[in-house]
Every structure is written in C-alpha cells, then in structure tokens.
Student: 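What follows is a structure written as structure tokens; I'll ask about it next.
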Amino acid sequence: MKSFSWIVLLPLLYLICTSCDTKKKTGYGPVPNPDTASTFLPTSAIPDSLFLGDQACKKCHQTQFKDWRGSHHDKAMQVANDSTVLAPFNGERFTSQGVTSHFFQKEGGFYVNTEGPDGAYHDYEVVYAFGITPLQQYIVSFPKGRYQCLRTAWDTQKNKWFDLYPDFKVVHSEWLHWSRGGLNWNNMCADCHSTNVRKNYDTATQGYDTRYALINVSCEACHGPGKEHAKEALDLGKAYQGPNTMQMTKSTSPKELVDQCARCHMRREQISDNFNFQGTLLDHYVPALITDGTYHPDGQILDEDYVYGSFVQSKMYHNNVTCTNCHNPHSLQLRFSGNQLCTQCHVPDHYDTAEHHFHKLGSEGSKCIECHMTGKVYMGNDFRRDHSFRIPRPDQSLAYDTPNACTECHTDKDNEWAWNMFKGQYGVPDYQHFSDLLAPGLRGETNGKESLLQLIRDTLQPEIARASAVRAIRDYIHPNDIADLLRFLKDTSPLVAATTVDVLGQINPTDYATNLLPLLKHQKRTVRINAFYAIAALTEFQIPEPYKEVYKRVKKEFFTSLDTTSDFAGGLAKKADYYIRKGDIPKAMKNYEKALRIDPLNNMIRTNLANLFYGNGQLDKAEAAFKTIIAQEPEYGPTYYNLGLLLAEVNKMDEALVQFEKAVQYMPDNIRAYYNLSLLYDKKGQIQKAKKTVFEGLNIAPENEDLLYTLVYLYSKNGEMQKALIHAQKLVEIAPTNPQYETLLQQLQSPGPN
C-alpha cells in the first residue's frame, strides 16, 4: 500500500537546493564570474550548431577520446541496431508480476509484445538501447513524441532478461507502469543520457518535441559546446593559451567540479527550461535533501541518490577531494585497484593494516570500501556504493535502526555484537558526526528539535546536513522558534537559506514578508523562486516599490520552473498550491485535476482536491473523491475520518458512523476520531457505545480535554452526576485557567434537579 500524508493543501515538491562553491567561469562564449555577475542570467538554449561532436574532439584529444570511447557515457544512449542491442531478441518470453513479455525480431527491427497502458498486449518496436552494463534497457516510441523505457531489461553479465522491480506490482493505470510517467524517457532520462537536451513539453497537448544535439553523453556534454573553442585554437595555433570557453578543465576548482558532475549524478528537480552552462548548479537544478524514504536517518543511502547527495556529506568533499581523484573522468574507471585507491591519501602503514581494520590481510573485510562504502542493489542488478565515506556506527544502529557495515557483512550477528566489537577495537567515539544530531530529529526523538537547531547553527557541518535539519524542524515548529529560523535566511549557504524560505513559506509567510522580500534579489535562482513561492499570498499591489521590478522578473522564473515540471503530477500540484495561496480556488482545482490525469493513483493529490471540493461547498464531488481514495487504499484511516465529517455535515448519520468506526480501526492513535465517533453514537442514542469510545480514547490520551468534556456531558445527560463531577474536577485540575471548566464544575456541584 502506498502511504501519504493526511496533512492537506501542502505543496508536494520540496526538493531544496544545495550550495555552490563556484568562483570561475560558467557558460559558453565570454562568460561572467557568477559571484559578481547580474543575478538574472540568460536562460536561452544553446544552438545545436555550436556542438561539433566527438570526432572533432578526437583530432586534438586522442588520449581522452580513446578513454571515453566505449565508456558508460559513450554508450549512454544508442540507436537500436545489430551492433548496439546486446539482448538476443530471439523469441524469449519473460514473465514477472503476471505480465509476460515476448522479445523477437521482425523486418530487421527489434520488438517486444507486452502489456500496454490500456492493459492489453501490443507489439512495440525498440528504437533505442540504453546503457551497456550491468544492464541494458530498451526504449520504444509512443504517440505525441513520448519515449518509454521497458521495465524488463537485459542483464549483460548473466545474459538473461529480468524485471527492474521484481517485488513491486504495478498495474497498467499507474504512473509507475513502464508505459507512463515513471519510465518516460523525455522527463526521467533524457537530460542526463544525451547532450544539449531540450525537453519541449507542451502542456496543452501533453506531448513532447524533445531534441538533443548529440545522442549520447559526448565530450561536449561535460565540457560545453566546442565550436568557439575549436575556432580559437585553430586561429591562434601555437599562441593558444587554453580553453577559455570550456567547462570542467584542469583549472576547475574541486567543489565546482563536483557540482558540474552533480548535474546528472544526483537526485534532483529541474527548475530552468534549458541547461545552458550559465550560472551554477542552483540556477538549474534543486538537489534532494536527506529525507525519510531516500536516506536513512543518519544520511546513509536508502533509495537511489546518484552519489552527489552522499558525497557532499563526506569529509573528503570538505577537504577538496573531487570526483576525478578516484575516477578517470573520461573512461570513468577507478584510477587504482584495491586499497591503493584510498592510500593515495591515507597512509598505508597506518590504515592498510590488520591493526586498523582487524581483518585478515587480503580478505574482503580488509578492503577499505567494505567498511567505509557499503552499498545497495538498485534497478534489479546494479550495485552502487554509498559515497559518504563514513565510519560504521553500530551504536546508531541500536538507537535509530540504521544499517552498519559490520552486520551487513556478518549477517549472523546483531547490532549489539557489532557495538561491543567496535568498542573493544576502537573505543567509544570521541567525535561528533552530523548524524548524531540529524537522526534524533528525523526519528522524532524527545530531544529532536534541540538536536536539529544545534546542527543548523554549526556552520562546520555539511551544508546538506544543515539544510536537511532545517527541513526536518518544520515538524517541531513553535512560534518561539521563528526568530531562530529568520536568521538562517541570511545564511552564507544558499542551501540553508533556500530551505529556510521553504519552511517559513508554510507558516503564515505574509507575517515575514519583510524578511523574505530581499531574497527575491538573491544570486541563486533556487532561492529566488522559493522566496516568490513563499510570499505568493501577496498581491503585486502589496509589493513595496523597491521590489516591484525584481518581483516581476522572479515571477517569470517561478512560472518557468512550474512549466518545467508540469509533466509531473507533483509539479502540477505545486502550481495548484500556488493558486490556493493566491486565493484562486478554481485554478487550483484545475491543476489538481490535471495532476490526477497524469497519476490517477496519487491519493495525496486527490485528498487535497477532495478537501478543496469540501471547503468550496462541492460536497458531492468531495464525497466521490474520498470514496475513490478508499477504493484505492482501503486501509488509509484519514480518508474515512474526512468522509465521516462530510457525511455528518449533510446529515447522513448512518454512513458517517460507519466511516468513523473505520477511521478508529485504521488510525487507532487519532484522538479526534474517537471524539467524533462518540458524539455520533450519542446522536444515534447509543450512549453506552459513546462512553466506551471515549474511554478507548482516554486510554491513549488520559488528559485529553475534549474527551474528558465529552465524558462529563455523557454522564450528566444520563443522570450519572457523581461520575460527571469526578471528571469535571479532573478537567479543572488539568486546565485551572479555563473558566469554562470552572463554570461546568460549579453547575454540577449546585443542588437541584438533575
């Protein structure tokens, strides 16, 4: 069952930015320094004519070309033919999750017969091959310029067909079905598998006209368009001093290089309509933070993070180690084998010894990566290592149920054993890792808020960890904490500033407009559009004169970011939320409905829409929406609760009673469900059931004032005045300053008829 939050009317895309350390040229042609340049950089696409192709690069860069040839970048995407397709397509049949796919060749082409978006079987021609090892995927053409990646892939090491998600059942109507958004090449793959990609999504037709300059990840995908560079080198000959117009050169700083690689090697959201090398990472993409579902509470990988989000957590990154210290940038292979890769920097006589790793020399356990780079298998057979380079922490595994390298290898042992071994070999850690502060906050521990605030304030900690703490603190927010948050709007890290804007944008942002308005002039596009979104409730007439012009410019950037993600249900939901903030409910509804056409099973969005219907008096539509959610996710309690409230309002008491009973069944810790159910029982004359329900709620929350007040009411109504008096006295003890409770107690103590 898919889970989703019952908190409605919140934006669904909260991927917050990360900082850039760029202090060099970025862009094609004469490029400005981004630290001194105008905030608003050109957003136009680079003409394909400026890209020359790998054969032009080969003429002068033969060694680099030789390394690149045949690499993952070179083979990132290829036209399907006899030389590029690695699978046999000789009549094989593969069945998974009740779907049988038949692979065959016909008229010189490669075909698959499999389940389509309508639930029926069709023949599809493979037009592109994707990748080379450890798997190769295949892409077919759909109407409206859509290209879809098959869910069944070819294992190039074991030479067999396999399901990318063998344990995950997906029906043909779901967004995650291979024929729909989850495996759509245009929006999920193209930007990183080809060079100079323009998605070109048409919101009106829901079609694409996606274009690229070069089909694969060519030299110019990383180094930028080469036409001007080649001309300059040819014109100047021996006088040529270096690639003034190129990206990712020997003079690129370590952190800038990481950011440039990160464009594709990170989990992120795109906010610009074109990547054109202008500006920095944050002017085009918003990396994901450390959140539940993507990472473990300590920052270790859980879902796919594509390396960047892990690496920027590491001490290596903060000490200016960069991607190319370990990887050949052209072949992508490791520079050295075994522990020699690590002992480039770490003294072998200290670290590459049994006294350090406590394993037999030459064994698997003696390899640095086995302890410091654990990994997971993604996409069925692709093992990827965690690049946060952390010391195993069995003590955190005991406290927060996080993994550790010790028990991942010693599978017959438990975390208690691992912690005892660790203490015996290394002692109790005398250092503080950011996870000591982040994990309690993400896990909702009693000291969670204090830990998060301590982490945010510590500017020596990784920026991604600090920003993740800001995001997490929204679950603890209290009016007294606002002053603390406001100071982080001026944080030197754009990552932290942008996340702070996002959090404040959910807490009466108009109250902090004077603090948020200056961020419309922030250097990073991500921060600017977050600020615009946060103050969306303000009209243009309410914008102070010094900000009117920049407000209009950022508004254009903001809507460009919405258009860029409008082929995602979450992007449309964010647009809907913007219109809610503007008070334009019809447009909000329209965008939620568009989102559900993309992903009809997204019940977070459907819940938001149902509540809009409800609040707008469209009760029939609200009821239908709630019932659709229940049909799709029958164990999700909050929907029964919301539907129960609606039915009670329209006086369908019998139906409402059923919904509240199910609400209590599926969310037994929700006190409001007990409260409303008890009132309904009373209304139906079932007073014993009403009292029983109140007591069930009080077993969970013994001092809940609403339940105690209801119990007093039920006892007094039933003539049980002594019992009513006892619970009224308890109410006064709990809330002695509440005059209503004191009045109630006095009435019950007064002599007279019951």
Student: Is the cationic atom of Arg528 (NZ for Lys, CZ for Arg) positioned less than 6.0 Å from the six-membered ring centroid of Phe40 and within 45 degrees of its normal?
Tutor: yes

Student: Check whether the side chains of Asp563 and Ser566 place a donor and an acceptor atom closer than 3.5 Å, and report yes or no.
Tutor: no

Student: Do the side chain of Arg385 and the main chain of Met373 share a donor and acceptor less than 3.5 angstrom apart?
Tutor: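 Pair found, side chain donor or acceptor close to backbone of Met373.
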
Student: Roughly how far apart are Lys199 NZ and Asp191 CG, rounded to 0.5 Å?
Tutor: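 So the gap between those two atoms works out to 8.5 Å.
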
Student: Do Thr249 and Ser251 have a side chain donor and acceptor closer than 3.5 Å?
Tutor: yes

Student: Can I get a per-line list of side-chain donor-acceptor pairs under 3.5 Å for residues 48-63, giving both atom names and the distance, sequence neighbours left out?
Tutor:
from  : atom 1 : to     : atom 2 : distance (Å)
Asp48 : OD1    : Asn196 : ND2    : 2.8
Asp48 : OD1    : Arg198 : NH1    : 2.8
Asp48 : OD1    : Arg198 : NH2    : 3.4
Asp48 : OD2    : Arg198 : NH2    : 3.0

Student: Report the C-alpha distance between Cys192 and Arg268 in whole Å, list the side-chain angles of each, state the deciding distance to 0.1 Å, and finish with yes or no for side-chain contact (heavy atoms from CB on, under 4.5 Å).
Tutor: CA-CA 12 Å; Cys192 289; Arg268 41 71 160 183; 3.2 Å; yes

Student: Classify the ring geometry of Tyr128 against Trp185: parallel below 30°, tilted from 30° to 60°, perpendicular beyond 60°.
Tutor: parallel

Student: Is it the case that over 12 heavy atoms from other parts of the model lie below 6.0 angstrom from the NZ atom of Lys66?
Tutor: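 For Lys66, atom NZ is not crowded (no more than 12 foreign heavy atoms under 6.0 Å).
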
Student: How are the rings of Phe311 and Phe389 set to each other: parallel, tilted or perpendicular (split at 30° and 60°)?
Tutor: perpendicular

Student: Stepwise, does the side-chain contact (heavy atoms from CB on, under 4.5 Å) test hold for Val112 with Tyr138?
Tutor: CA-CA 10 Å; Val112 59; Tyr138 300 103; over 6 Å; no

Student: Using modelled atom types only, decide if a donor and an acceptor are shared between the side chain of Asp386 and the backbone of Ile301 within a distance under 3.5 Å.
Tutor: yes

Student: Phe104 vs Tyr111 aromatic rings, parallel, tilted or perpendicular, using cut-offs 30° and 60°?
Tutor: parallel

Student: Quick one: does any side-chain atom of Lys144 pair with a main-chain N or O of Gln206 as donor and acceptor, under 3.5 Å?
Tutor: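 Answer holds: no.
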
Student: For the pair Trp68 and Phe65, name the ring-plane relationship: parallel under 30°, tilted 30 to 60°, perpendicular over 60°.
Tutor: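 Trp68 and Phe65: tilted rings.
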
Student: Quick check: do Thr252 and Gln247 have side-chain heavy atoms less than 4.5 Å from each other?
Tutor: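 When only atoms from C-beta onward are counted, Gln247 and Thr252 do not touch, as no gap falls below 4.5 Å.
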
Student: Are the side chain of Ser218 and the backbone N or O of Glu220 linked by a donor-acceptor pair below 3.5 Å?
Tutor: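 Such a contact is found between Ser218 side chain and Glu220 backbone.
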
Student: Is it the case that Ser179 and His177 place a side-chain donor and acceptor less than 3.5 Å from each other?
Tutor: yes

Student: Nearest 0.5 Å please: distance from the OH atom of Tyr306 over to the SG atom of Cys264.
Tutor: 11.0 Å

Student: Aromatic rings Phe103 and Trp161: how do their planes relate, parallel, tilted or perpendicular, breaks at 30° and 60°?
Tutor: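 Rings of Phe103 and Trp161: parallel, under 30°.
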
Student: Do Asn276 side-chain atoms and Pro42 backbone N/O form a donor-acceptor pair below 3.5 Å?
Tutor: yes

Student: Which one of Cys261, Cys323, Cys219 satisfies the side-chain contact (heavy atoms from CB on, under 4.5 Å) criterion with Met248?
Tutor: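 In the set Cys261, Cys323, Cys219, the residue that makes a side-chain contact (heavy atoms from CB on, under 4.5 Å) with Met248 is Cys261.
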
Student: Count the heavy atoms belonging to other residues, nucleotides or ligands that lie under 6.0 Å from NZ of Lys227, then report whether that count exceeds 12.
Tutor: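 Counting neighbours around NZ of Lys227, 12 or fewer heavy atoms of other residues, nucleotides or ligands fall under 6.0 Å, so no.
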
Student: Working to the nearest 0.5 angstrom, can you tell me the gap between Phe130 CZ and Met77 CE?
Tutor: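 These two atoms lie 6.0 Å from each other.
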
Student: Check for a donor-acceptor pair, side chain of Gln340 on one end and backbone N or O of Gly338 on the other, with a separation under 3.5 Å.
Tutor: no

Student: For the backbone of Ser310 and the side chain of Asp305, can you confirm whether one donor and one acceptor N or O come within less than 3.5 Å of each other?
Tutor: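 Answer holds: yes.
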
